[in-house]
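Below is one structure, written out as structure tokens; the observations come after it.
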Amino acid sequence: MQSSAARVLEEYEYSREYHSAPKQEAPKLQVREGRRTAEGISPLRLLCCFALLVALISLAIYNNIVMVELGDQLNDAKAQLEELQSESVQLRSKLENQSSVQNIESYASATLGMGRAEKYQITYINMEGEGSIYRTDKAPDKAPAQVLLRGFDSLMEYMKLR
């Protein structure tokens, strides 16, 4: 059961026409002498590569120079910071020494001619209530009951109840 197309093809293959038809040969490759390809590097390309190489090396050298300068500046700043910190410590200790109670007392007595206050020089003022001021030579009593009463009086005065 062959198809009609297969039968026609089979008949064609056995025919004289098929065997007498010229067969095509593969084309042969021919090498011709003439223009040659460039075997070397062009001078323009070489010049561009050289310029790029010089630029990159210059950039790397400049970068290292900048880094060294910044490192020197950083070291100088650190040295200055340490110097200022040590000076700060010295000034603090000098301030503490000069502001001690003994130094202030000796300065006040020697330079300013001041002395400690005596008990008879101290006057206490007691303000009890509105419009009444009492002057006494003795200090206010520090007994808990007296402190509580003075606090209560102050509260009443603050609230304007007295």
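Quantities reported herein were computed from a predicted structural model and do not represent experimental measurements.
Its side chain within the 4.5 Å cluster rule, I57 clusters with L53, I61, I65 among the Ile, Leu, Val, Met, Phe, Trp and Tyr residues. Residue L148 belongs to no hydrophobic cluster, having no ILVMFWY side-chain heavy atom closer than 4.5 Å to its own.
Put simply, I104 and M114 are part of two different groups of oily side chains (I, L, V, M, F, W, Y) that touch within less than 4.5 Å, one to the next. I41 is not connected to L52 by any chain of hydrophobic side-chain contacts under 4.5 Å among Ile, Leu, Val, Met, Phe, Trp and Tyr, and they are in different clusters.
For T111 (side chain) and A108 (main-chain N/O), no donor-acceptor pair under 3.5 Å exists by modelled atom type.
Sorted by first and then second residue, the salt bridge (charged side-chain N to carboxylate O under 4.0 Å, His left out) pairs with a member in residues 55-79 form an empty list; sequence neighbours excluded. For residues 88-99, the set of pairs meeting the salt bridge (charged side-chain N to carboxylate O under 4.0 Å, His left out) definition, not counting sequence neighbours, is empty.
For R45, there are no salt bridge (Lys or Arg N to Asp or Glu O under 4.0 Å) partners at least two apart in sequence or on another chain. The side chain to side chain contact (heavy atoms under 4.5 Å, CB included) search around V54 returns F50, S58, not counting sequence neighbours.
Between atom CE of residue M67 and atom CG of residue N64 there is a gap of 8.0 Å, rounded to the nearest 0.5 Å. In this structure, the separation between CD on Q85 and CD on E83 is 11.0 Å, given to the nearest 0.5 Å. The CD atom of Q90 lies 7.0 Å from the CD atom of E87; values are rounded to the nearest 0.5 Å. If you take CE on M159 and OG on S154, they are separated by 13.0 Å, rounding to the nearest 0.5 Å.
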